[in-house]
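Before any comments, here is the structure.
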Amino acid sequence: MKYEHLVYMGEKDGKPHIIVDRVEGNGRRHFCTHYELPTVQSEDEGFHLMEKFASWFGNTLLIDCPGFRRHIGIEEPDKNPK
């Protein structure tokens with residue numbers, strides 16, 4: 001299945017989150033994951049959060065990519081690609 005990721009800010013349980021959905025070619029969206037954003041008190045904390053989030057986000061996108069999983073050996077090659 002081919003899909004893209006949609007990343008946006010939203011709220012869950014009244015708290016700010018970065019939300020990642022998978023979007024199929026036909027436009028249908030599926031929840032993938034989310035990341036709760038803590039309160040930031042200073043610019044330094046903000047940049048630290050950005051660095052921490054960037055690492056999480058990159059890992060999330062890569063592990064959700066079948067081609068990358070195959071590349072690192074955690075998923076078998078697809079014998080019948082569509």
Side-chain angles (χ1 to χ4, degrees):
M1 171 174 79
K2 296 205 181 243
Y3 57 85
E4 296 178 341
H5 290 99
L6 175 65
V7 181
Y8 58 98
M9 291 278 302
E11 283 196 11
K12 290 181 65 64
D13 302 322
K15 297 177 183 174
H17 283 71
I18 300 286
I19 301 167
V20 181
D21 291 343
R22 281 187 210 101
V23 182
E24 296 178 20
N26 64 7
R28 187 171 179 195
R29 287 169 49 170
H30 302 273
F31 172 78
C32 179
T33 191
H34 63 273
Y35 186 93
E36 184 178 336
L37 296 173
T39 301
V40 174
Q41 301 294 331
S42 69
E43 188 176 297
D44 285 344
E45 282 184 16
F47 280 108
H48 177 72
L49 173 61
M50 184 172 63
E51 186 175 315
K52 184 177 174 181
F53 171 77
S55 176
W56 172 87
F57 182 62
N59 290 337
T60 296
L61 293 181
L62 288 173
I63 204 67
D64 196 46
C65 175
F68 184 76
R69 289 195 306 268
R70 282 191 298 276
H71 182 75
I72 64 172
I74 61 173
E75 185 171 296
E76 292 294 318
D78 190 357
K79 304 283 188 212
N80 299 309
K82 295 179 182 177

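Only heavy atoms go into these numbers, but all of them, side chains included; no hydrogens, no water, no symmetry mates.
Hydrophobic clustering of Ile, Leu, Val, Met, Phe, Trp and Tyr side chains at less than 4.5 Å, counting indirect connections, keeps V23 apart from L61. Criterion: ILVMFWY side-chain heavy atoms under 4.5 Å apart, direct or through other members. Under it, I63 and F68 are part of a common hydrophobic cluster.
Residues that satisfy the side-chain hydrogen bond (donor to acceptor under 3.5 Å, both in side chains) test with R29, not counting sequence neighbours, are Y8, D21.
Interatomic distance, L62 CG to R69 CZ, rounded to the nearest 0.5 Å: 10.5 Å. Rounded to the nearest 0.5 Å, atoms OG1 (T39) and NZ (K15) are 9.0 Å apart.
Within the 4.5 Å cutoff, the side chain of H17 has no heavy atoms near those of the M9 side chain.
Residue pairs that meet the salt bridge (Lys or Arg N to Asp or Glu O under 4.0 Å) test with at least one member in residues 3-14, sequence neighbours left out, do not exist here.
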Apply side-chain contact (heavy atoms from CB on, under 4.5 Å) to the pair V20 and Y35, showing each step before the final yes or no. CA-CA 9 Å; V20 181; Y35 186 93; over 6 Å; no

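Around the NE2 atom of H71, the shell of radius 6.0 Å holds no more than 12 heavy atoms that belong to other residues, nucleotides or ligands.
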Which donor-acceptor pairs under 3.5 Å do the side chains of residues 49-57 make with protein atoms, sequence neighbours left out?
none

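Nearest heavy-atom pair, C32 versus D64, reported as atom, atom and distance to 0.1 Å: SG-OD2, 3.9 Å.
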